[in-house]
There are 2 protein chains.
Amino acid sequence: MKTLGAAHRPLRELVADELRQRILDGRLPQGGRVIEDRLAEELGVSRNPVREAIRLVESEGLVEVTPRRGVVVSVISAEEAHDLIEVRAALEVAAVRRAANQGVAPAVLEELAAILAEGAAAAAAGQFERLSMLNTRFHDELARGSGNGALVEALRSLQNRLQLLFTAGVHRRSGKAWEEHGRILDAIRAGDADWAEAETRAHISGAASRYENNRAAAADGAAPSDAAATPDGAGAQA
Amino acid sequence: MKTLGAAHRPLRELVADELRQRILDGRLPQGGRVIEDRLAEELGVSRNPVREAIRLVESEGLVEVTPRRGVVVSVISAEEAHDLIEVRAALEVAAVRRAANQGVAPAVLEELAAILAEGAAAAAAGQFERLSMLNTRFHDELARGSGNGALVEALRSLQNRLQLLFTAGVHRRSGKAWEEHGRILDAIRAGDADWAEAETRAHISGAASRYENNRAAAADGAAPSDAAATPDGAGAQA
DNA sequence: GCATCGTATGGTGTATACAAGACCCAGCGC
DNA sequence: GCGCTGGGTCTTGTATACACCATACGATGC
């Protein structure tokens, strides 16, 4: 193991992890309130680390805090989703262009290839939970390949919020997404920035439209007016 | 005034504002420690709101927290600065492209023109403090013109961190920056996305190289090895 | 019956207290 | 002299306590 000290993380971080997870896997529904006291008691800690964890998660956009009114899990509107995806596209394009132009460390390339293989296998086997995780890792590694730390960080923050869109949703048509991943990687390997940009734009817009379709389909089936409703059967992967 | 309730912000936010300001105006030097207890006593509050304020400011990248070791004001290396500027360029280009393509609300255009006029006047008069503030406002308004909330937010966060670079620095050659601002606005008014992109890239890379020069010059004059040294006589505006 | 005002309750905001970790330095042994 | 060890101090981590705000609901007046 690494040093013991480094492994001992403060409670606020453990609480933040737990809170994030509960939000992303839908245990805390969008629009639902987060009560400091209740969460604290549930986790067996005092309110202080919970409050600090809330500030962390707030800065990631997963919850919204109104002073003296409390905390609710963020609800991402269609418009906000569109905005987030647009920002993500801009950043991811910048990342792959940079990666293609200046080359990527072999270790990162190998890692990407490994994730790609795992992802294709998981897609074929229909392991959607795993696929979602692999998808996040692929894009994270892609950002890392740019060698730009600020880019990695910014994209990770966006990814977190976008994940909210897929909460409780199954992930369909994942095979297509993984083909696109493969082509992006090919373009980077070839050092062709324009090609990489084109593939990335295609991937993101494809994922966005897949998401839109699913969202519309879910809105038909479920009650569309209830903002806190958990969309079932919807979801796509970018 | 608006409602009284909305105006009453919690202490953590007031403390966060104060902390930000102290960092950005150099009262807290880069690399310097931030002691919770001391800050709390100085501001006449308890440690709790201070701790929460620190989480806020941490999420903005202005301070770095090491568990059980404490808080230090972030030091931005040349490489990190480069990375941040690159991300900013990507986002700002996306913003002006979108603004040019889909048009900007007249109110925002007027606001931009007003800031531009004020900025030009301030540049001529040599009011550098004011100029820095106007510069931030111009870019903020520019982002708002894109109509993409996520973009506004992301750029604001970057701007905060970049401001660290200019801490305690005078702002030279500001006139040039404001000419560039004017051309960006012209391009958006004309609805020419390619032109707007070109002007924005020129502006940011121009500002970056002005900054680099100043940094190099400052490193010659001052002790280059001391990370916490406050560079004097350096600074540029983007 | 309806509007309005108390009042109870649930919740957040802030302060204080204590525990535990990290760091510094003196003193000791080798 | 040099490294190690011990305590002391400074600082952060966590818990508890209380005050204040927001809201819901019932009582009271008309």
Side-chain angles (χ1 to χ4, degrees), chain A residues 1-20 22-23 28-59 62-74 227-228, chain B residues 1-20 22-23 27-59 62-75 227-228:
Chain A
M1 86 183 66
K2 259 316 173 31
T3 66
L4 232 54
H8 180 27
R9 307 198 313 164
L11 272 183
R12 61 168 172 274
E13 295 188 9
L14 302 180
V15 173
D17 287 346
E18 179 69 21
L19 186 52
R20 259 189 291 269
R22 288 192 182 193
I23 291 171
L28 287 172
Q30 295 187 28
R33 283 193 74 180
V34 177
I35 309 300
E36 296 173 0
D37 212 3
R38 210 163 299 165
L39 187 56
E41 192 170 8
E42 229 173 296
L43 300 179
V45 302
S46 80
R47 276 180 54 215
N48 255 351
V50 171
R51 285 176 65 86
E52 292 181 21
I54 286 174
R55 304 306 157 226
L56 294 178
V57 177
E58 177 192 10
S59 76
L62 291 183
V63 300
E64 276 160 25
V65 176
T66 312
R68 297 180 301 286
R69 287 264 179 84
V71 181
V72 298
V73 179
S74 296
Chain B
M1 85 185 68
K2 258 316 171 36
T3 66
L4 230 54
H8 179 27
R9 305 197 315 163
L11 271 183
R12 61 167 172 276
E13 296 188 8
L14 302 180
V15 173
D17 287 346
E18 178 69 21
L19 187 52
R20 260 190 290 270
R22 287 193 183 193
I23 291 171
R27 266 179 295 171
L28 286 172
Q30 294 187 29
R33 284 192 73 181
V34 178
I35 309 298
E36 297 173 2
D37 211 3
R38 209 163 301 166
L39 186 56
E41 192 171 9
E42 229 174 296
L43 300 179
V45 301
S46 81
R47 277 178 53 214
N48 257 355
V50 170
R51 284 175 66 86
E52 293 182 19
I54 285 174
R55 303 305 158 226
L56 295 177
V57 176
E58 176 191 11
S59 75
L62 290 183
V63 300
E64 275 159 26
V65 176
T66 311
R68 297 181 301 285
R69 286 269 179 83
V71 181
V72 299
V73 179
S74 297
V75 180

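In what follows, chains carry the letters A, B, and so on, assigned in the order in which the sequence lines appear, proteins first and then strands, with residues in each chain numbered from 1.
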Worksheet entry | Spacing of CG belonging to Asp37(A) relative to OG belonging to Ser46(A), to within rounding of 0.5 Å | 10.0 Å
Fill in: Gln30(B) CD to Ile23(B) CD1 distance, which is reported to the nearest 0.5 Å
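Gln30(B) CD to Ile23(B) CD1: 9.5 Å, rounded to 0.5 Å.
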Practice prompt. For the pair Arg22(A) and Glu42(A), evaluate side chain to side chain contact (heavy atoms under 4.5 Å, CB included) and give the outcome as yes or no after the intermediate values.
Written response: CA-CA 13 Å; Arg22(A) 288 192 182 193; Glu42(A) 229 173 296; 2.7 Å; yes
Discussion item. If we check side-chain contact (heavy atoms from CB on, under 4.5 Å) with Arg55(A), which of these qualifies: Arg12(B), Glu58(B), Arg51(B)?
Written reply: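 For Arg55(A), the side-chain contact (heavy atoms from CB on, under 4.5 Å) test succeeds with only one of Arg12(B), Glu58(B), Arg51(B), which is Arg12(B).
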Worksheet item: Arg20(A) and side-chain contact (heavy atoms from CB on, under 4.5 Å): which partner among Val15(A), Leu62(A), Leu28(A)?
Response: Leu62(A)
Could I get a table of every N or O pair under 3.5 Å where one atom is in the protein and the other is in nucleotides 23-25 of chain D?
unit_1, atom_1, unit_2, atom_2, d
dT23(D), OP1, Arg69(A), NE, 2.9

Discussion item. With nearest nucleotide decided by heavy atoms, which residue, His8(A) or His8(B), maps closer to the 5′ end of DNA chain D?
Written reply: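 The residue whose closest nucleotide sits nearer the 5' end is His8(A).
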Which atom of [X] lies closest to which atom of [Y], heavy atoms considered:
{"X": "Gly70(A)", "Y": "Arg33(A)", "value": "CA-NH2, 4.2 Å"}
{"X": "Leu56(A)", "Y": "Ala16(A)", "value": "CD1-CB, 4.1 Å"}
{"X": "Glu18(B)", "Y": "Leu43(B)", "value": "CG-CD2, 3.9 Å"}
{"X": "Leu11(B)", "Y": "Pro49(B)", "value": "CB-CB, 3.9 Å"}

Response to the item:
Min and max contacting nt of DNA chain C in 5' to 3' order, chain A heavy atoms within under 4.0 angstrom, are dG11(C) to dT14(C)
To the nearest Å, give me how far apart [atom1] ([X]) and [atom2] ([N]) are.
{"X": "Arg68(A)", "N": "dA19(D)", "atom1": "CZ", "atom2": "P", "value": "19 Å"}
{"X": "Leu11(B)", "N": "dA19(D)", "atom1": "CG", "atom2": "C1'", "value": "13 Å"}
{"X": "Asp37(B)", "N": "dT9(D)", "atom1": "CG", "atom2": "P", "value": "16 Å"}

Item to complete: Evaluate side chain to side chain contact (heavy atoms under 4.5 Å, CB included) for Val57(A) paired with Val71(A), printing each intermediate quantity in order.
Response: CA-CA 11 Å; Val57(A) 177; Val71(A) 181; over 6 Å; no
For [X], answer base if it contacts any base atom (sugar-phosphate contacts may also be present), sugar-phosphate if it contacts only those atoms, and nothing otherwise; contact means non-hydrogen atoms under 4.0 Å.
{"X": "Arg9(A)", "value": "nothing"}
{"X": "Arg47(B)", "value": "base"}
{"X": "Val34(A)", "value": "sugar-phosphate"}

Worksheet item: Quick one, which residues of residues 48-57 of chain B touch DNA chain D with a heavy atom under 4.0 Å?
Response: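 By residue number: Arg51(B), Arg55(B).
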Worksheet item: Do other residues, nucleotides or ligands put more than 12 heavy atoms under 6.0 Å from Glu41(A) CD?
Response: no
